[in-house]
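These notes concern the structure reproduced below.
Here is the naming used below: chain letters follow the sequence lines, and residue numbers restart at 1 for every chain.
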Amino acid sequence: MDFLTLLQVLDSTVRLATPLLLACLAGLFSERAGIFDIGLEGKMLMAAFFSAAVASLTGSVWLGLLAGIAGSMVLSGIHGLASITFRGNQLISGVAINFLAAGLTVLIAQDWFSQGGRTPSLMGGGRFNAITLPFADTLSGVPILGPIYAELISGHSILVYVAFACVPLTWWILFRTRFGLRLRAVGEAPEAVDTAGVSVVGLRYAAVAICGLLCGIAGAYLATGLQAGFVKDMTAGRGYIALAALIFAKWRPWHALSACLLFGLLQAVALRYQNIDLGGVIIPVQVMDALPYILTVVILAGFVGKAIPPRAGGEPYVKER
Amino acid sequence: MDKMPAWADAVLVPLISLILAALLSALVIVAIGESPIEALKLMVEGALMRSTGWGYTLYYATNFIFTGLAVSVAFHAGLFNIGGEGQATLGGLGVALVCLYLPWPHWSLALIGASLGAAVFGALWALIPAYFQAKRGSHIVITTIMFNFIAAALLNYVLVNLLKPVGTMDPASALFPPATHLPTFQEMFSSPESPLFRGAPANISFFLALIACVVVWLLIWRTRLGYEIRALGHSESAARYAGISPVRIIIVTMLISGALSGLMAVNTTMGESERLLMNATEGAGFIGIAVALMGRNHPLGVLLAAILFGFLYQGGAELALWTNIPRELIVVIQALVILFTGALDNMVRIPLEKLFLAMRRGNT
Amino acid sequence: MTDQAPAIELRGISKAFGPVQANKDISIRVMPGTIHGIIGENGAGKSTLMSILYGFYKADAGEVFIAGKKTEIPDSQAAINAGIGMVFQHFKLVQNFTVLENVILGAEEGRLLRPSLSKARGALKKLAEEYELSVDPDALVQDLSVGHQQRVEILKALYRQADILILDEPTGVLTPAEADHLFRILDNLRAEGKTIILITHKLREIMEITDTVSVMRRGEMTATVKTAETSPEALAELMVGRKVLLRVDKAPARPGAKLLEIENLRLTDETGVQRLRGISLDLRAGEVLGIAGVAGNGQSELLEVLGGYGTATGIVRVNGVEIPLSGTGCTGQARRAAGIGHVPEDRHHDGLILPYTAWENACFGYHRDPAFQKGILMNNAAIREDAKGKMERFDVRPPNPNLAARNFSGGNQQKIVLAREIEHNPDILLIGQPTRGVDIGAIEFIHQQIIRLRNQGKAILLVSVELDEIFSLSDRIAVMFDGQIMGFRDAAQTDQRELGLMMAGITQDPGGDPLAAIDATLAAKEAREAAQHG
Amino acid sequence: DPALIYDLGGKFDKSFNEAAFNGATKWAEETGGTFKDIELQSEAQREQALRRFAEAGFNPIVTTGFSMSTPIASVAADYPDTKFVTIDGFVDPAEHPNVLSILFAEEQGSYLVGMLAAMASKTGTVSFVGGMDIPLIRKFACGYAQGVKAVNPDATVIANMTGTTPAAWNDPVKGSELTKAQISQGSDVVFAAAGGTGLGVLQTAADEGILSIGVDSNQNYLFPGKVLTSMLKRVDVATAEAMTAGADLETGVKALALAGDGVGYALDENNADLITADMQATVEEAKAKIIAGEITVHDYASDDSCPAISF
Ligand SMILES: Nc1ncnc2c1ncn2[C@@H]1O[C@H](COP(=O)(O)OP(=O)(O)OP(=O)(O)O)[C@@H](O)[C@H]1O
Ligand SMILES: Nc1ncnc2c1ncn2[C@@H]1O[C@H](COP(=O)(O)OP(=O)(O)OP(=O)(O)O)[C@@H](O)[C@H]1O
Ligand SMILES: [Mg+2]
Ligand SMILES: [Mg+2]
């Protein structure tokens, strides 16, 4: 593989990893606070739709982003209501949210745009465009580093940079702030937080809201950054992959980055090298298609030990039965 | 002492939740400019008032019973098997191989053979994630998700490159030989005077599903293995204290779970399409999660929840047939049903408990 | 004294959990600068009452007065603001946080952690000196012994400047030395004018340290008396409603054949720390061998290995036959078949499946017994019948086999496990902490059962951190320290002081103040473990 | 009245189901007639919809997608007075006299757009994005590759498939990445036959400044001046014709090819600047030859193999 190809594969990795990363961090906040969330997929989808819909109606991608975040946060609110206030089953709530988003997005899209559950294609200001970082062009002549800067680091939409900046930010919030301390505590031992005089419910809602926010950005990135509009079911299972990455990362921000980059890389490689010809034997496309998933299992079983979730995860906090 | 009578918890709570879900669904229908009353009438008439409607409802329910049981068996051991989709896919492959490549003199024998094929293939597909979970601690949620994707790729390859008859467009296997045709409800219950279940896909595998419910019930609550499965699900350390091997239980449970998922293919692949299709599972593996959770992981609950979802599927088909309501409305209704009966049930339960407690206090 | 407002006054507190009336119209007054004891049977409502005072539960009715002022306590924050601190029966600590993080949780200085942490570090140091409450501020709580975890809880309260300290069964998990230490601290706090409420099942402690004591029964406050004006016997009777035998009567032992022989037993845990370092002992029919020791010195591991769910090296012979210590033959079921019964220390964690019914628990571990089978199915009717008998004979209350285990009180849960293991008639019975957290009525019963079994010629290996219990039940005593046995003593020929020193790893009496010597050996042990970790 | 049953992709797939819908709508507008339609949700509904419509007296019943042929074969005999149309599917007319099978020679249309692609390409590398690896998609790819090679035997054709789950038809993000990967391998014209995924392909091609080719319906308007052409499959015409014929529909097997404009390529104001007169002339010539039988385009489905590209 020559250098340029490598860069292109890595470039593709970054794009594919970004929505995973945002969703993964979203899940991290929620699950660190003890609220399991398999509804990442649904929230992303909802956000993808509302961001594209509002961007297309107003022509402003920023309003679209806000709408996407709002849509995702409404679902977060439902999840919070079910799993925090009414102490329901978090898995069921997540499943329901995925269904709800899959149905509602198409239903509303059809009602608003009558384009078969799609939004119109976004033009101009309705999309996040690639940002060229300063000096990218001038530096691109510099060997090795120049192309890396110009091709790989520069030239993504703003949300990509936001996503990557979220990693240190998440780490900092979790491990350097009061809020983070309490958030982690509430996912490990809510009764400790409660008896320390801090509201378990408040913290968990905050975590769920952050989760909604990040899923909102992830969805908006899909529909208005990577693409120019919403297509039904366009998240295509990325929420589940993000969940896998989260477990893979053992609920830690920097590891989440590595896990998402790894998934992105595996996909990028698989997309680029279909039908590999190994001296007469052609590896069928299906093998390459399944390769990221096979490798994930291999890596998980081979190199990553047991993942222990936050201790209070998945359990509603019940004081009186 | 309980806060409220068991019947209220088992009947009243789900019923009120369902009504709430229905009310909200009605609002959605109004919002897209249709009449909810008409819609409900169509659904009920289409799914429950005619034998053919039942034939479809029960056909779908059969799928959901199998996948729901699969999820719930795993749940009892504390394992979250999201891999029903992949296991059912492989089950389909098992059914197809058995039906296509073995000569069957009679459908009854073919049914046994195909069931075995489906169960074995489904179980084997669950074995690898189970082994990794038991031996390496690899989270079964991740591995089963991954195995769903891998199963889809595998089936795609097998159908397009190996099983598809030359010259056909459909990525599907050849039709199974007539001897493997399973009796449909129509053939079983119709007579020339009273035609019943005309054209409906429900077939004898529904009874297989009912048997599976009973067997799973016996397994979980009446056998040593079930006792050990539940013990492990509640407390691993206690299980070890009692001499129950977690590794063994995890593997055995997942084999059973995978086999149940796989058995779904007997209904779809052998009973309905009579050939192996690309996407025969159609998300039933995921519906199984909802069905299991709503059914509180009890076979009876699973059966009822599966029939409810079967009703939604068939009622939704009727809506799609006779109105302009987009098919996604059904997905929304399903979501609301899952949400209210499964996740927001305490919203109903807590006030009810208070009510019952107050009534009891009032009496004594 | 009389014109002074009480530090705490509760008036007419009532609380129901669904159909269970946990507290009924309870009133109580505690004067400042005193230690007030609360005793009562399991499930009497002690913890509930205190949790209400701390704002953890909300009372259905009643009023709270703090220092004479009516105070609303809707949540724990309000309680903390009112100067109340509480050490719960089940600690409320975040296991994978450091001590420091646990201490500041909820009482941080600002939005950022660093300043809070450094401030707390200083404050902890001062508190540690003031009250002899030293713990490593950077240790993870999950690595601390129970005693140290409790110190963290007390530090949490003191760090929040509590004037009123509630301790719910604080000594249930402590060694005598640790308990003495705790009481010294409580003494100091009282001297400073702080008010302390102490819940305990141990009458000795009540008599030793409290000024006044209240007795609770079935959700009601039945009596409040001055400690000086009562006696343990009187309190016990108030509590249980009948006379209680506070001492165990037992005839001298008549040891028989060697039923259990252990040679050079070694175990290294997954983090690489040696937990058992060459244990050798014999156990004879008809004797109780008590294993004393501070929790965490290998007793639990010893029981696990003998119970069949830990792998070790060495030789263990049961009735002269060697049994495997690893591999497929090393399971709980194999041990039961070999005649070893096991009452595990942690009933909630190991001995019971809490959501299982009493009858399901009553065959747990013996569920493959042929008597419980009917073809390929389990004979649930037979198991239920069997459980019913066990529950009646062991006086489990309520005697309802269909009730889930979690709905029984701690003492009755313990009885279910005991009944299961004893009625299966093992040659050897392993018992860990048989009376932890159990009220005196149940303690009396459990002790009688153990002695009865010994008199039938069974061999009993008893592990307990309660020296009182060790003394009153054992015929011989072994002391464990740091994975080794420090020595065997005849129960009749030793005393608490000698055992206390051995428990700290000191075999030779150094004379003078033993505390310094104890600290030194403990420090050496911790250093060794740290080295093994690295 | 006629009825129309869409395949699982749904009515608005921007592709052949939508073409059928458009044809039916056009028919309704022109004749003032009405038609009933349904979007299927599951395999089992195929037969159900057929029966329910037949019982309700709809005639003819037009269906799209090859998957409908088997259900029609099992239903048709029960409703001898109803005419069934299977677009893309094949039902033996000898066994079922009341069924019309309409088959398209997609390979011929793909051949022509392949030629255009080769002529428009400056790099000599063109590409193809398919939704899922199924025979129909291979048929498109195979015709396309043959057309490319006919113009430029040295040209490279990259063919990629999006995935193996149903999500493959609705994953524009992956379509987009595939396109980018193909661009980096030198492709400057990409043909998408991938449903909703194709939108991502066309979008990315437009963003990255290469040309794309739409499929089934005329998709030139989506990105005017950036879509080279669209491979047309006149499902709309076939649908409208069947509906016009009504109950008198002639059954049997109808092959729609270049002859009769059953398939073709789209030329309109949106791509007028992209297709030079030369290009058009060359393609028209090939078209004439195919119609005349002088050129045979190999049909992948006839023997599951392709001379121009390997899968
Ligand atoms: N959170 C709760 N929800 C429901 N019931 C509870 C709860 N906590 C306690 N109870 C019930 O209230 C009663 C009093 O319990 P409580 O824990 O106060 O007893 P206790 O006196 O502290 O007992 P112990 O000596 O065992 O600690 C018991 O019957 C118990 O079952
Ligand atoms: N959250 C709760 N909900 C319901 N019942 C509870 C709860 N907490 C405790 N109980 C019940 O309250 C009673 C006493 O509880 P408590 O926590 O004081 O346990 P305990 O009897 O002291 O046991 P232990 O030996 O563990 O100290 C038991 O019946 C227990 O099952
Ligand atoms: Mg208590
Ligand atoms: Mg207790």
Gap separating the CZ atom of A:R238 from the CG atom of D:D171, nearest 0.5 angstrom: 4.5 Å
Donor on one side chain, acceptor on other, D:T164 and A:Q286, under 3.5 Å: no
Check: A:R272/D:S184 side-chain N/O donor and acceptor closer than 3.5 Å: yes
For chain A, the option from D:I158, D:L222, D:D133 that forms the most heavy-atom pairs under 4.5 Å: D:D133
Pairwise distance CG(A:D289) to CE(D:M161) - rounded to 0.5 angstrom: 11.0 Å
Minimum heavy-atom distance between D:G196 and A:V231, given as atom pair plus value: CA-CG1, 4.3 Å
D:K226 atom NZ, over 12 foreign heavy atoms within 6.0 Å: no
Contacting region of D:K11 [heavy-atom separation from chain A under 4.5 Å]: neither
side-chain contact (heavy atoms from CB on, under 4.5 Å) between A:L271 and D:N160, intermediate numbers included: CA-CA 8 Å; A:L271 283 179; D:N160 291 152; over 6 Å; no
Nearest-0.5 Å distance that lies between atom CD in D:E177 and atom CZ in A:R15: 4.0 Å
For chain A, the option from D:E39, D:K174, D:Q182 that forms the most heavy-atom pairs under 4.5 Å: D:K174
Atom group of D:T162 that falls short of 4.5 Å from chain A, counting heavy atoms: backbone
Worked verdict on D:D207 versus A:R127 for side-chain contact (heavy atoms from CB on, under 4.5 Å): CA-CA 12 Å; D:D207 288 351; A:R127 294 172 70 187; 2.5 Å; yes
Between D:G175, D:A167, D:A168, D:G163, the one whose heavy-atom pairs under 4.5 Å with chain A are most numerous: D:G163
Minimal non-hydrogen separation, D:G200 against A:Q227, with atom names: CA-OE1, 3.2 Å
Spacing of CG belonging to A:L16 relative to NZ belonging to D:K180, to within rounding of 0.5 Å: 9.0 Å
Which atoms of A:Q267 approach chain D - backbone, side chain, both or neither, heavy atom under 4.5 Å: neither
